[in-house]
Amino acid sequence: MTTLPASTSRKLGLVIDLDTCVGCHACVISCKGWNTEHYGAPLSDRDAYGAQPEGTFLNRVHSFEVTRKDAPPMVVHFPRSCLHCDDAPCVTVCPTGASYKRVEDGIVLVNEDACIGCGLCAWACPYGAREMDADAGVMKKCTLCVDRIYNENLPEVDREPACVRTCPAGARHFGDLGDPQSAVSQLVAERGGMDLMPEQGTAPVNKYLPPRPRDQLGAAGAQAPDLAALCDPSTDGASGFLGWLDRALERL
Amino acid sequence: MHPAPSLIFFTVVSGLGFGLLAWLGLGVVRPTGWAAFWWFGLGYGLAGAGLLASAFHLGHPERMLLAFTQWRSSWLSREAVLALATLAVMAPHAAGAVFWSNPLPGFGLVAAVLALATVGATSMIYAQLRSVPRWHHWSVPVLFVLAALAGGALLAGQGRAGLWLLLALAVVMVAHWQIGDRRFRGSGSDAGTATGLGGLGAVRLLEPPHTGSNYLLREMVHVVGRRHAHKLRLIALPLAALLPAILMLLAPSWPPMLVLAVLLHLAGMVVARWLFFAEAEHVVGLYYGRR
Ligand code: SF4
Ligand code: SF4
Ligand code: SF4
């Protein structure tokens, strides 16, 4: 059914720390690897060794620059994947029932055997979290590694999404965001975790932790030292042959 | 959004077909025998061709029957159900007129309502998408239903009614464009809310996540169309509405004039519908620093 459940018993999701993400794309690769080898149709690549390679990915890392007032600009690496929204517009638009949100844990999934590949769900998602696989003709999206987190064949330590398991910076956390006592909920409360595009009314489950304040240069209002000037090549005071050459070239 | 030819053809042609079927169902024209055969045939043909074209857009058309199941939540599913219901309920009315010179106006009336509801459902597929602010507005269903009614009137030989509907269409087209131009800013979504970093300062993309293209960029970030939006509007408005309206003012019931008006209208609607897609910006573009 593509009507959304009134509520879900749990709200499994990710908490992504924009303060510590180093933009290494390791989570992108581990996601691609796991989801190509396991659940559903593999994530295909096209023209992989040609001039215009492209492929299906469920997780992508952007890098943004934030120009701040009275502070140096800041680079923020920004992983983007399905937020497993409570009010998921991608689910309700699906004509076939292929898209659904699970009552037991809130994970949003696609039943690939029922998907007609109309693409409407990808249009409905504000976050670009769904990509149609060019080879399989079905919609692909993050499954929250549903085939890992409950998988008793894996060692306990691996029963979390591939991206979380792989992140070398500890920037990704997995847990039940419906339980206020869970570690992820505590983290969100402590660090002021936020929703992306709340105005879109999707009520995302995944939360993002904003970058901590940093790069404070002295007291408020203090001028940053002009570090750039130190990089200017200066020939002032050069003497001898080089000084003469410099002055001669200058006059030309 | 990517202006896919199959979607443009589908929405324009099936809209026209259901528009004609609505007029025939309402019984404004009451053809019988061969005349009824060609007229209903044209309506069914256009509506059917459009629906078929939309199937080419699918990755797995063989599973299409599943699309009739989720009408409780999905406008796309509702459209499929309504389209089929229109064609089915219209059948006794049409067969009666063709074979027994005896149309069944009760069926016709219900089918006419269903035909317009089908066009309405088509428009809601787009209008429901909050992620495409230009489309997320009541002017979209009004635009689609008016276009179907006006085009249908021309095909049904209703020049007088066509004139007024075409003029109304012209007004709504301009309104839709004017309102649409302000929708994205009005949506409140920008790079700041998309990343949640807006509170810190101005956000701009430094490095995209991939050097090549991908499904999202091809499907939802279409910049070419907007560059010529103004010119295309100036082409679409006269072709789709103003010129046919003038023709209907001159000779509302002269068949060659009606045919010419239909052809102009059709050409104009294709341009307008191309623009409808090409101009619409999806908020996902904010993550890529372009819209
Ligand atoms: S992020 Fe997109 S795909 Fe995922 S649940 Fe929300 S709307 Fe659906
Ligand atoms: S592409 Fe598949 S999952 Fe998405 S709306 Fe269409 S049928 Fe449903
Ligand atoms: S693996 Fe971790 S640090 Fe690397 S890009 Fe992903 S979230 Fe950021």
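Predicted model only: the values in this text are computed from it and were never measured. Each chain gets a letter, A, B and so on, in the order the sequences are listed, and its residues count up from 1.
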Given the options [options], which has more heavy-atom pairs under 4.5 Å with chain A than any of the others?
options	result
B:Ser74, B:Gly59, B:Ala55	B:Ser74
B:Leu129, B:Leu65, B:Leu206, B:Asp190	B:Leu206
B:Gly188, B:Ser189, B:Ser77, B:Gly201	B:Ser189
B:Ser213, B:Pro209, B:Gly212	B:Pro209
B:Asn214, B:Thr211, B:Val284	B:Asn214
B:Met64, B:Arg218, B:Glu79, B:Arg78	B:Arg218

For chain B, which candidate among [options] shows the most heavy-atom pairs at distances under 4.5 Å?
options	value
A:Pro198, A:Cys125, A:Pro210, A:Gly201	A:Cys125
A:Asp113, A:Asp133, A:Asp195	A:Asp113
A:His25, A:Met194, A:Arg46, A:Glu54	A:Glu54

In a check of salt bridge (Lys or Arg N to Asp or Glu O under 4.0 Å) between B:Glu279 and each of B:Arg183, B:Arg134, B:Arg273, which one passes? B:Arg134
Less than 4.5 Å to any heavy atom of chain B: does that hold for the side chain of [X], its backbone, both, or neither?
X	value
A:Ala136	backbone
A:Val28	neither
A:His77	neither
A:Cys94	backbone
A:Arg130	backbone
A:Phe78	side chain
A:Pro89	neither
A:Val76	side chain

If we only count heavy atoms from C-beta on, is the [X] to [Y] side-chain gap below 4.5 Å?
X	Y	answer
A:Pro53	A:Asp45	no
A:Gln200	B:Ser131	yes
A:Thr67	A:Glu65	yes

Polar side-chain atom of A:Lys140 near backbone of A:Ala41 as donor-acceptor pair, under 3.5 Å: yes
Counting only heavy atoms closer than 4.5 Å, note whether [X] contacts chain A via side chain, backbone, both or neither.
X	result
B:Ser54	neither
B:Leu205	both
B:His57	both
B:Leu217	neither
B:Leu200	both

Residues A:Glu199 and B:Thr193: side-chain donor-acceptor under 3.5 angstrom: yes
Minimum heavy-atom separation for [X] and [Y], please, with both atom names.
X	Y	answer
A:Leu58	A:Lys141	CD1-O, 3.4 Å
B:Ala278	B:Pro3	CB-CG, 4.0 Å
B:Ser73	A:Thr3	CB-CG2, 3.6 Å
B:Met173	B:Ala240	CE-CB, 4.0 Å
A:Leu144	A:Gly13	CD2-N, 3.8 Å

Among B:Val270, B:Val13, B:Val271, which one satisfies side chain to side chain contact (heavy atoms under 4.5 Å, CB included) with B:Ile8? B:Val270
When only heavy atoms count and the cut-off is under 4.5 Å, which of residues 117-128 of chain B reach chain A? B:Ile125, B:Tyr126, B:Gln128
Can you see whether B:Tyr287 has A:Arg80 sitting over its ring - NZ or CZ less than 6.0 Å from the centre and within 45° of the normal? yes
Looking at A:Glu131 and A:Arg60, does any basic side-chain N land under 4.0 Å from a carboxylate oxygen? yes
Show the numbers, then the answer: is there a side-chain contact (heavy atoms from CB on, under 4.5 Å) between B:Thr11 and B:Phe276? CA-CA 11 Å; B:Thr11 55; B:Phe276 176 79; over 6 Å; no
Start with the C-alpha gap between A:Tyr127 and A:Thr202, add the side-chain angles, then the distance that decides, and say whether side-chain contact (heavy atoms from CB on, under 4.5 Å) holds. CA-CA 10 Å; A:Tyr127 310 104; A:Thr202 53; 2.7 Å; yes
Give the ring-plane orientation class for B:Trp135 versus B:Phe277, where under 30° counts as parallel, over 60° as perpendicular and anything between as tilted. perpendicular
